[in-house]
Amino acid sequence: MSSDALIIELHEDRSQRLEDALRKIGLTPSLTGELLDEIIGFIKENLIPTVRALLEKYYRGLDIESPPPTYDEERGEFNPGQWVGTFLFHSRALDCKVLIKVSPKVGDKAFENMVKGAAALVPMLGFPSIEVVGLNLHGRGYISNVISYSCLFRKNLELALHEGLPVAIRVREEIRPDALGSFNRSKTITLLSRGIPLVVSTRRSIELSMKALSFLMSFNAELMGALIKVRNQLSEDPRLSTICNLLDMSIVYHWYVSERFRAMGAEEAEISLDDLAELRRIVWRNKWFLSLLDLYEAFISSVPPTLRLERRLLRETPIQPLPTSKIYELWVLYMLSLTLKGLIGKKPSVGAKDGGMILAFQKVVLSYNLPIKEWSVLFSEAGVTPPRPDYVLREDEKSVAIDAKYKSRIDTGDMERMLAYIADYSLPQNSKEVKGAFVTLPSKESEGILASRKDINPPLNLYRFHANPANIDESLKSIRRLCYLALGKLY
């Protein structure tokens, strides 16, 4: 979709002058000025309202810490916030598509590692984690699901067609005045004995497999219907017009594909699991068609497409922007789960609710994104909802609140929330120290105690650990040190 578009790359979580980004393109000053005005208008009227609408409608109640995009009129600077994605619009000045790509601040490879880690939670933890991971990645609307499936269908279909659709040998018997095909002697003699001067022959021809075409026709139709349904829902909010325009382009594509398949004689049909198994036998040589079958199975199972980890999806597909702080949070959860599984030697039992999970590794329990009344001391007594730490790691009476921060520096708000977590969830009467821990991107400050109070009993210590998605091995060592701190050297 971006092959014929002018790509303007901006950087996540950084204020930047749009003029500087446009100078690299090499346009004339007059065209640069016209394009700059268009981009500023698009950002103010479409990009910023789109992200704010997503926060209000689809990520509501999920404690998204990613700051939204902002535009500073006085300085002429745009900051995409902590949202990664692509936005497409048509430039009248250049008479072409312009794609604004917001690149992750940790780099493409590290971002890919984060998404892979988040997705790896599903095979590690099982079915209950699918909804939690999908909800925290995409929000309650799952807008990007159908768009992403549509884009993946398109890419895999083009490759499958290039490799060649499966064929079938059609055998039919014909009665003709002349012999074409294999001559059927006995049936021809029977006709002649009855005074009918015709020849019976068996003809074989190679034709496209209608079962394969019907599958493609049906999958395409389901995607088009899902796109239209989502389009109708989103059209009620004018702030989401950018996503609606993207949906319109995809709907037109699927309509065109339907017409082409219909011209080839394909018809829609219900696809059963038996049909999918038979199709796998028919198309086993075409890996792209096999990928389409996998995609269909994921689609009917409502598995978020980001969990399929198509590299092209991560890098090219213009999907709903994603809050990178949540992706980092899920990646840290994966690292914690992987470490605890290695230390304890057991897979956890998993319970999911309210967008969060509880993982029980025998006596060791790890909660994710949940306010747990049973562990709450102050807030529950006051009759208010307990705070929702990113994670609480607990064994018997030992408890550590852990907060993942997709940044290098801890600010006042972070400290205030952590102190609320510690005050509510800690059990100081059973501890040598009361503690909490931050997991952050690398910084110049070393790991260990970030701040402490030794004048109270037990002492209060706040720790910092680094987790860098660009360096998985070092991050695992750091998370292991965090688990040792929480559970003791026993493990």
Worksheet item: Any side-chain heavy atom of I228 within less than 4.5 Å of one from N232?
Response: yes
Worksheet item: Taking the side chain as C-beta and beyond, is there a heavy-atom pair between K347 and K341 under 4.5 Å?
Response: yes
Worksheet item: Which pair of non-hydrogen atoms, one from K373 and one from S380, has the smallest distance, and what is that distance?
Response: O-OG, 3.5 Å
Discussion item. So does L370 get a backbone contact from the side chain of S367, meaning a donor-acceptor N/O pair under 3.5 Å?
Written reply: no
Worksheet item: Ignoring hydrogens and geometry, is there a side-chain-to-backbone donor-acceptor pair from Y421 to D403 under 3.5 Å?
Response: no
Worksheet item: How long is the gap from CZ on F42 to CG on L88, to the nearest 0.5 Å?
Response: 7.5 Å
Worksheet item: When rounded to the nearest 0.5 angstrom, what is the spacing between CG in L121 and CH2 in W331?
Response: 12.0 Å
Discussion item. Under the criterion salt bridge (charged side-chain N to carboxylate O under 4.0 Å, His left out), I'd like the reasoning laid out for K116 against E112: C-alpha separation, chi angles, the key distance, then a yes or no.
Written reply: CA-CA 6 Å; K116 282 184 176 180; E112 189 176 319; 3.3 Å; yes
Worksheet, complete the sentence: Hits for side chain to side chain contact (heavy atoms under 4.5 Å, CB included) against S478, two or more places apart or cross-chain, chain-then-number order -> E447, F465, R481
Worksheet item: After noting the C-alpha distance and the side-chain angles of T70 and N79, does the key distance pass the side chain to side chain donor-acceptor pair (under 3.5 Å) rule?
Response: CA-CA 5 Å; T70 57; N79 189 327; 5.2 Å; no
Worksheet item: Under the side chain to side chain contact (heavy atoms under 4.5 Å, CB included) criterion, do V106 and T324 qualify, and how do the steps go?
Response: CA-CA 10 Å; V106 294; T324 42; over 6 Å; no
Worksheet, complete the sentence: Heavy-atom nearest pair, P69 first then F78, reads CB-CE1, 3.9 Å
Worksheet entry | Stepwise side chain to side chain contact (heavy atoms under 4.5 Å, CB included) test for L6 and S91 | CA-CA 9 Å; L6 172 66; S91 166; over 6 Å; no
Item to complete: Not counting sequence neighbours, which residues clear side chain to side chain contact (heavy atoms under 4.5 Å, CB included) with D63? List them please.
Response: N369, R388
Worksheet item: Does any N or O in the side chain of E9 come within less than 3.5 Å of the main-chain N or O of V102, such that one atom is a donor and the other an acceptor?
Response: no
Worksheet item: Does the distance from a Lys or Arg side-chain N to an Asp or Glu carboxylate O, for K405 and E65, drop under 4.0 Å?
Response: yes
Item to complete: Mind checking side chain to side chain contact (heavy atoms under 4.5 Å, CB included) for D473 and listing every partner two or more places apart, or none if nothing turns up?
Response: N471
Worksheet item: Do V365 and E395 touch side chain to side chain, with heavy atoms closer than 4.5 Å?
Response: no
Item to complete: Check whether any side-chain heavy atom of S337 sits under 4.5 Å from a side-chain heavy atom of L366, and report yes or no.
Response: yes
Worksheet item: Distance-only, no hydrogens or angles: does the Q16 side chain make a donor-acceptor pair with backbone N or O of R14 under 3.5 Å?
Response: yes
Worksheet item: Under a 4.5 Å cut-off applied to non-hydrogen side-chain atoms, are R409 and T440 in contact?
Response: no
Worksheet item: For the atom pair CZ (F111) and CD (E12), what is the distance rounded to the nearest 0.5 Å?
Response: 8.0 Å
Worksheet item: Is there a donor in the side chain of S475 and an acceptor in the side chain of N468, or the other way round, less than 3.5 Å apart?
Response: no
Worksheet item: Between D424 and F379, which heavy-atom pair has the shortest distance, and what is it?
Response: OD1-N, 3.0 Å
Worksheet entry | Verdict with supporting geometry, L487 and L340, side chain to side chain contact (heavy atoms under 4.5 Å, CB included) | CA-CA 10 Å; L487 305 174; L340 290 171; 3.8 Å; yes
Discussion item. If I take atom CG from residue L450 and atom CG from residue N461, how far apart are they, to the nearest 0.5 angstrom?
Written reply: 10.5 Å
Fill in: Residue pair M224, F219: steps toward the side chain to side chain contact (heavy atoms under 4.5 Å, CB included) verdict
CA-CA 9 Å; M224 184 166 68; F219 190 7; over 6 Å; no
Practice prompt. Output all residues satisfying side-chain hydrogen bond (donor to acceptor under 3.5 Å, both in side chains) with K24, sequence neighbours left out; order by chain, then residue number.
Written response: none
Worksheet item: Got F361 and L343 here, is their nearest side-chain heavy-atom distance under 4.5 Å?
Response: no
Worksheet item: For the residue pair S103 and V84, what are the closest heavy atoms and their distance?
Response: C-CG2, 4.5 Å
Fill in: Pair E158 + R154, salt bridge at N-O below 4.0 Å
yes
Practice prompt. Mark yes or no for whether S291, through its side chain, and K287, through its backbone, hold a donor-acceptor pair below 3.5 Å.
Written response: no
Worksheet entry | Distance (rounded to the nearest 0.5 Å) between T50 OG1 and I43 CD1 | 11.5 Å
Item to complete: Quick one: pull up CZ in R17 and CZ in R23 and give me the separation to the nearest 0.5 Å.
Response: 7.0 Å
Practice prompt. Tell me, please, which residues at least two apart from Y406 pass ring-ring contact (aromatic ring centres under 6.0 Å, His included).
Written response: Y328
Practice prompt. Would you name the heavy atoms of V132 and Y368 that are closest together and state the gap between them?
Written response: CG1-CE2, 4.1 Å
Worksheet item: Is D414 paired with R417 through a side-chain N to carboxylate O contact shorter than 4.0 Å?
Response: yes
Discussion item. Can you tell me which residue among I402, L482, L485, L359 is in a side-chain contact (heavy atoms from CB on, under 4.5 Å) with L393?
Written reply: I402
Discussion item. Looking at every heavy atom in both S150 and L227, which two are closest together, and how far apart are they?
Written reply: OG-CD1, 4.0 Å
Item to complete: Would you please name every residue forming a ring-ring contact (aromatic ring centres under 6.0 Å, His included) with Y71, sequence neighbours left out?
Response: none
Item to complete: Could I get the full list of salt bridge (charged side-chain N to carboxylate O under 4.0 Å, His left out) partners for E474, not counting sequence neighbours?
Response: K477
Item to complete: For R260, enumerate each residue passing the side chain to side chain contact (heavy atoms under 4.5 Å, CB included) test, keeping only those at least two apart in sequence or located in another chain.
Response: Y256
Response to the item:
By salt bridge (charged side-chain N to carboxylate O under 4.0 Å, His left out), E416 pairs with (sequence neighbours left out) none
Worksheet item: Step by step, would you call S443 with S408 a side chain to side chain donor-acceptor pair (under 3.5 Å)?
Response: CA-CA 5 Å; S443 70; S408 301; 5.7 Å; no
Practice prompt. With sequence neighbours left out, write down each residue that passes salt bridge (charged side-chain N to carboxylate O under 4.0 Å, His left out) with D411, or none if nothing qualifies.
Written response: K407
Practice prompt. Only counting residues at least two apart or in another chain, list the ones meeting side-chain hydrogen bond (donor to acceptor under 3.5 Å, both in side chains) with Q82.
Written response: D13
Discussion item. Contact between F87 and L99 at the side-chain level, heavy atoms closer than 4.5 Å - yes or no?
Written reply: no
Worksheet item: Should we say atom CD of E381 is surrounded by more than 12 heavy atoms from elsewhere, each under 6.0 Å from it?
Response: no
Item to complete: Decide yes or no for I422 and V400: does some side-chain heavy atom of the first lie under 4.5 Å from some side-chain heavy atom of the second?
Response: no
Worksheet entry | Sequence-distant partners of H254, ring-ring contact (aromatic ring centres under 6.0 Å, His included), two or more places apart | F153
Item to complete: Measure from the side-chain N and O atoms of H466 to the backbone N and O of E445, and report whether any donor-acceptor pair falls under 3.5 Å.
Response: yes
